[in-house]
2 protein chains.
Amino acid sequence: MDDVFKALADPVRRQLLDSLHQRNGQTLGELCEGHDMSRQAVTKHLAILEDANLVATRKEGREKLHFLNPLPIFEIADRWIEKFEHGRLRALDELKKNLEGKRDGKG
Amino acid sequence: MDDVFKALADPVRRQLLDSLHQRNGQTLGELCEGHDMSRQAVTKHLAILEDANLVATRKEGREKLHFLNPLPIFEIADRWIEKFEHGRLRALDELKKNLEGKRDGKG
DNA sequence: CTAATATGCAACCATTTGGTTGCCTGTCAA
DNA sequence: TTGACAGGCAACCAAATGGTTGCATATTAG
């Protein structure tokens, strides 16, 4: 799970995922377009996404096709974020009250 | 949003959020317990969480109380993760098919 | 074969990150 | 007041990160 969080921490990598979400199966060259950095830099980012299992690849001739794997994202949503969701609507109110002051309901 | 992703990228920081989720309003000293690192290190992590608006604080005497703010997490769930959710159930199947081979429905 | 295309590998570099330590300030208790 | 407790600030350091460049390999087109 840590790999996934780390992989998602970089805006370039999130952009790459977005790009694959819009059009799956892009080659390395296609994924490089629109990024103001070298092909190697993009390759490294993609490698990190692959290690985190967020992207899977297949070689087709001399091209490498990249496919989005959203499962790790779902896992984060289900196993991690879901935990914080219980009092969602009251969350802001509770925070305000906590910052205002009374430590228990005691004072 | 980038601040939040970056803040969540570190396991220590996620652990701190978990800790606050279990018991809100902990002091710095309390949050340090169980972490095998100096108080200063934890302070830095908390500062990053504060910058990302994931933690809010209040001073009470000589203590600093820390409160979880889950709203940025909700935003990520709603604005970012939600985008990938559409074909959730078919996602794994699609990935398999994509990796197997046919590029379009054409071959 | 030759040349162009698509990608891979490795060395290198600056900056950021995550941690340390030492010392200072503010608050509570005796 | 004095000492202990809770926390803040700043300098410093090693390692990870994000990027570069140069060159090598494999595939396709002529």
Heavy atoms only: give me the nearest Leu20(A)-Gly25(A) pair and the separation to one decimal.
CD2-N, 4.3 Å

Taking every non-hydrogen atom, the tightest pair across His66(A) and Asn24(A)
O-OD1, 3.7 Å

Donor-acceptor contact present, side-chain [X] to main-chain [Y], <3.5 Å:
X	Y	value
Arg58(A)	Asn98(B)	yes
His21(A)	Lys83(B)	yes
His86(B)	Phe84(B)	no

Heteroatom pairs (N/O) under 3.5 angstrom, protein to nucleotides 27-30 of chain D:
unit_1: dT27(D); atom_1: O2; unit_2: Arg62(A); atom_2: NH1; d: 3.1

Taking [atom1] from [X] and [atom2] from [N], how many angstroms apart are they, rounded to a whole number?
X	N	atom1	atom2	result
Ile48(A)	dA16(D)	CD1	P	13 Å
Glu33(A)	dT7(C)	CD	P	11 Å
Met37(B)	dC13(D)	CE	P	21 Å
Asp3(A)	dA16(D)	CG	P	14 Å
His35(B)	dG18(C)	NE2	P	14 Å
Lys6(A)	dT16(C)	NZ	P	18 Å
Leu46(B)	dG7(D)	CG	C1'	12 Å
Glu63(A)	dA4(C)	CD	P	19 Å

Which residue is it: Asp2(B), Asp3(B), Asp10(B)? I am looking for the one with a side chain to side chain donor-acceptor pair (under 3.5 Å) to Lys6(B).
Asp2(B)

From Glu30(A), Arg14(A), Gln26(A), residue fulfilling side chain to side chain donor-acceptor pair (under 3.5 Å) relative to Ser19(A)
Gln26(A)

Taking OP1 and OP2 of dG19(C), is either one under 4.0 Å from a side-chain nitrogen or oxygen of Ser38(B)?
no

Salt bridge check, Lys97(B) against Glu94(B): does any charged N sit closer than 4.0 Å to a carboxylate O?
no

Can Leu8(B) and Leu17(B) be said to form a side-chain contact (heavy atoms from CB on, under 4.5 Å), step by step?
CA-CA 9 Å; Leu8(B) 296 180; Leu17(B) 293 181; 3.6 Å; yes

Do any N or O atoms of the protein come closer than 3.5 Å to N or O atoms of nucleotides 8-13 of chain C, and which pairs are they?
unit_1: dG8(C); atom_1: OP1; unit_2: Lys64(A); atom_2: NZ; d: 3.2
unit_1: dG8(C); atom_1: N7; unit_2: Arg39(A); atom_2: NH1; d: 3.0
unit_1: dG8(C); atom_1: N7; unit_2: Gln40(A); atom_2: NE2; d: 3.3
unit_1: dG8(C); atom_1: O6; unit_2: Arg39(A); atom_2: NH2; d: 3.1
unit_1: dC9(C); atom_1: N4; unit_2: Gln40(A); atom_2: OE1; d: 2.8
unit_1: dC9(C); atom_1: N4; unit_2: Gln40(A); atom_2: NE2; d: 2.6

Quick check on DNA chain D: between His66(B) and His45(A), whose nearest nucleotide comes earlier from the 5' end?
His66(B)

